[in-house]
Visitor: 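There's a structure below that I have some questions on.
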Amino acid sequence: MTARPLEGRTALVTGASRGIGAATAEALAAAGAHVILTARTAGGLEEVEGRIHAAGGTATIAPLDLTDGESISRLATAIAGRWPKLDILVLNAATLGTLAPVPAIDGKEFAKVLALNVVAQQALIAAFDPLLKAADAARVIGITSSVGGSPRAYWGAYGASKAALETLLLAYADEVANLGDVRVAIVDPGATATKMRARAFPGEDAATLKPASVVGDAIVELLTRDFPTGHRVRVESAPAAQAAE
């Protein structure tokens with residue numbers, strides 16, 4: 001692998017102000033991609049952008065609320081006005097919601113979880129589909145969770161949102177399979193030291209978990225090799241330790 005295998009490619013990473021999104025953005029930039037960073041928190045995006053620039057990479061920040069469908073359309077228009085294609089789309093942004101028994105799930109909060117974890121993801125795919133198809137080898141990476149495929153008590157709301165995301169991604173993969181070289185991969189980061197993980201497991205020792213940088217490196221490694229569309233990866237303790245379905 002060359003030192004900058006993604007040189008010349010443009011990537012969009014959602015939820016890029018911290019955690020797995022930030023780590024993925026920094027790993028992509030280190031591999032040579034120009035990274036467009038989106039999240040609601042402008043300050044966090046600026047910090048990630050600063051680290052990328054300090055390391056010799058390039059990035060552009062675009063603070064926005066993904067649950068505002070019009071903001072996604074405006075972002076797509078702005079990106080299309082500057083770049084002729086989008087090579088990499090990383091759908092990372094998500095919200096956990098409150099862990100609760102299914103009968104106790106709050107309807108309003110559940111709607112917010114679905115709005116970001118599912119509805120906004122479909123809007124992103126729709127908005128950037130033309131730019132992805134304009135690339136010679138576009139890649140879409142969706143971040144999932146084990147509870148999307150293996151339901152667990154109290155994780156019904158979040159798990160349902162991730163199951164829906166996986167269905168959307170795999171349907172899109174099948175739809176574009178013969179329309180060029182747009183490929184989709186679903187990545188389960190596994191137990192990772194993030195703020196979302198700390199909320200879900202408040203008594204857990206974060207030192208026993210892998211850092212988000214391991215997930216970012218694994219995603220870059222995935223993007224620099226060939227894989228069939230619909231590919232699934234679970235990130236273990238090191239980027240090379242992957243399980244494909």
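Heavy atoms only: backbone and side chains are in, while hydrogens, waters and symmetry mates are out.
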Visitor: For residues 97-113, pull every pair meeting side-chain hydrogen bond (donor to acceptor under 3.5 Å, both in side chains), keeping only residues two or more places apart or in separate chains.
Guide: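 Sorted result for residues 97-113: Thr98-Glu109.
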Visitor: Can Val113 be reached from Leu124 by stepping across I, L, V, M, F, W or Y side chains whose heavy atoms are under 4.5 Å apart?
Guide: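 Hydrophobic grouping puts Leu124 apart from Val113.
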Visitor: Closest heavy-atom contact between Pro202 and Arg199?
Guide: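 So the two residues come closest at CD-O, 3.7 Å.
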Visitor: Between Tyr172 and Leu132, is there a side-chain heavy-atom distance shorter than 4.5 Å?
Guide: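 Leu132 vs Tyr172: side chains touch.
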Visitor: Does a side-chain heavy-atom distance below 4.5 Å link Phe201 with Leu209?
Guide: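 Side-chain contact under 4.5 Å: no.
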Visitor: Please check if the side chain of Arg183 supplies one atom and the backbone of Ala173 the other of a donor-acceptor pair under 3.5 Å.
Guide: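 No; judged by distance alone, with no hydrogens or angles, the pair does not exist.
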Visitor: Filter on side-chain hydrogen bond (donor to acceptor under 3.5 Å, both in side chains), then keep only pairs touching residues 67-79, sequence neighbours left out; what's left?
Guide: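 Only Asp65-Thr67 qualify under side-chain hydrogen bond (donor to acceptor under 3.5 Å, both in side chains).
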Visitor: Using modelled atom types and a 3.5 Å cut-off, is there a donor and acceptor pairing between side-chain atoms of Asp87 and backbone atoms of Ala137?
Guide: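 Absent.
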Visitor: Mind listing the closest non-hydrogen atom pair of Trp155 and Ala200 along with its distance?
Guide: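 Answer, listing the atom of Trp155 first, then Ala200: CH2-CB, 3.5 Å.
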Visitor: With the 4.5 Å side-chain cut-off for hydrophobic clustering, are Ile186 and Val118 part of the same group?
Guide: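 Different clusters: Ile186 never reaches Val118 through Ile, Leu, Val, Met, Phe, Trp or Tyr contacts under 4.5 Å.
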Visitor: Could you measure the distance from the OG1 atom of Thr41 to the CD atom of Glu46? Nearest 0.5 Å is fine.
Guide: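 Nearest 0.5 Å value for the OG1-CD distance: 10.5 Å.
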Visitor: If every non-hydrogen atom of Thr60 is compared with every non-hydrogen atom of Glu49, which pair is closest and at what distance?
Guide: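 Looking at all heavy atoms of both residues, the shortest contact is CA-OE2, 4.4 Å.
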Visitor: Leu66 and Leu96: same hydrophobic cluster, using ILVMFWY side-chain contacts below 4.5 Å?
Guide: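 Shared cluster, no.
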Visitor: Determine, step by step, whether Trp83 and Leu12 satisfy the side chain to side chain contact (heavy atoms under 4.5 Å, CB included) criterion, reporting the C-alpha distance in whole Å, the side-chain angles of both residues, the deciding distance to 0.1 Å, and the verdict.
Guide: CA-CA 12 Å; Trp83 292 279; Leu12 172 63; over 6 Å; no
Visitor: Any side-chain heavy-atom pair from Ile141 and Thr24 closer than 4.5 angstrom?
Guide: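 They are not in side-chain contact.
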Visitor: Can you list every salt bridge (charged side-chain N to carboxylate O under 4.0 Å, His left out) pair that touches residues 123-152, not counting sequence neighbours?
Guide: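 For residues 123-152, and leaving out neighbouring residues, the salt bridge (charged side-chain N to carboxylate O under 4.0 Å, His left out) pairs sorted by first residue read Asp129-Lys133, Arg139-Asp181.
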Visitor: Could you tell me which residues satisfy side-chain hydrogen bond (donor to acceptor under 3.5 Å, both in side chains) with Thr229, sequence neighbours excluded, listed by chain and number?
Guide: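 So Thr229 forms no side-chain hydrogen bond (donor to acceptor under 3.5 Å, both in side chains) with any residue.
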Visitor: Run the side chain to side chain contact (heavy atoms under 4.5 Å, CB included) check on Val35 and Ile88 step by step: do they pass?
Guide: CA-CA 9 Å; Val35 187; Ile88 300 164; over 6 Å; no
Visitor: Give a yes or no on whether Tyr154 atom OH has more than 12 heavy-atom contacts from other residues, nucleotides or ligands under 6.0 Å away.
Guide: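 Counting other residues, nucleotides and ligands, OH of Tyr154 stays at 12 neighbours or fewer.
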Visitor: Are Arg197 and Thr192 packed together at the side-chain level, in the sense that at least one heavy-atom pair is separated by less than 4.5 angstrom?
Guide: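 With C-beta onward as the side chain, the pair stays apart.
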Visitor: Output, in order, the C-alpha distance, side-chain angles, deciding distance and verdict of side chain to side chain contact (heavy atoms under 4.5 Å, CB included) for Val140 and Leu91.
Guide: CA-CA 8 Å; Val140 178; Leu91 301 173; 4.2 Å; yes
Visitor: Any side-chain to backbone donor/acceptor pair from Lys85 onto Ala138? Under 3.5 Å, distance only.
Guide: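 No, Lys85 side chain to Ala138 backbone: no donor-acceptor pair under 3.5 Å.
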Visitor: Just to verify, which of Val235, Val233, Val215, Thr144 counts as forming a side-chain contact (heavy atoms from CB on, under 4.5 Å) with Asp188?
Guide: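 Single pass found, and it is Thr144.
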Visitor: So Ile52 and Leu28, do their side chains get closer than 4.5 Å, heavy atoms only?
Guide: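 No. Closest side-chain heavy atoms not under 4.5 Å.
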Visitor: Show me the pairs that pass side-chain hydrogen bond (donor to acceptor under 3.5 Å, both in side chains) and involve residues 5-23, at least two apart or across chains.
Guide: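 Passing the test, one end in residues 5-23: Arg4-Glu7.
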Visitor: Give me the atom names and distance for the closest heavy-atom approach of Leu37 to Ala59.
Guide: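 Scanning both residues completely, I find the closest heavy atoms to be CD1-CB, 4.2 Å.
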Visitor: Shared ILVMFWY cluster between Leu75 and Val48, side chains joined below 4.5 angstrom?
Guide: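 No; Val48 is not reachable from Leu75 via cluster members.
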Visitor: Return the minimal non-hydrogen interatomic distance between Ala185 and Phe227, and the atom names on each side.
Guide: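 Minimum heavy-atom contact is CB-CE1, 3.7 Å.
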Visitor: Minimum heavy-atom separation for Leu116 and Ala94, please, with both atom names.
Guide: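 Closest approach of Leu116 to Ala94, heavy atoms only: CD2-C, 3.6 Å.
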Visitor: Does Ser145 have any side chain to side chain contact (heavy atoms under 4.5 Å, CB included) partners at least two apart in sequence or in another chain, and if so, which?
Guide: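 For Ser145 the side chain to side chain contact (heavy atoms under 4.5 Å, CB included) partners, ignoring immediate neighbours, are Val147, Tyr158, Lys162.
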Visitor: What's the separation between atom CD in Glu175 and atom CD1 in Ile125, rounded to the nearest 0.5 Å?
Guide: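 Atom-to-atom, Glu175:CD and Ile125:CD1 are 9.0 Å apart.
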Visitor: Tell me, do Ile143 and Ile219 make a side-chain contact under 4.5 Å, heavy atoms counted?
Guide: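 The answer is yes, as the side chains (C-beta and beyond) meet within the 4.5 Å cut-off.
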Visitor: Counting only heavy atoms not in Arg51 (residues, nucleotides, ligands), do more than 12 fall under 6.0 Å from its CZ?
Guide: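 More than 12 heavy atoms, drawn from other residues, nucleotides or ligands, come within 6.0 Å of this atom.
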Visitor: Which value, rounded to the nearest 0.5 Å, describes the distance between Leu6 atom CG and His34 atom NE2?
Guide: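 It is 13.5 Å, given to the nearest 0.5 Å.
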Visitor: Can you hop from Leu86 to Val90 via hydrophobic side chains spaced under 4.5 Å?
Guide: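 Result: no, two separate clusters.
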Visitor: Report yes if the side chains of Val184 and Leu170 come closer than 4.5 Å at any heavy-atom pair, otherwise no.
Guide: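 In short, these two side chains do not touch, never coming nearer than 4.5 Å.
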Visitor: Which distance, rounded to the nearest 0.5 Å, do you find between the OG1 of Thr58 and the NE2 of His53?
Guide: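 Separation between the atoms: 6.0 Å.
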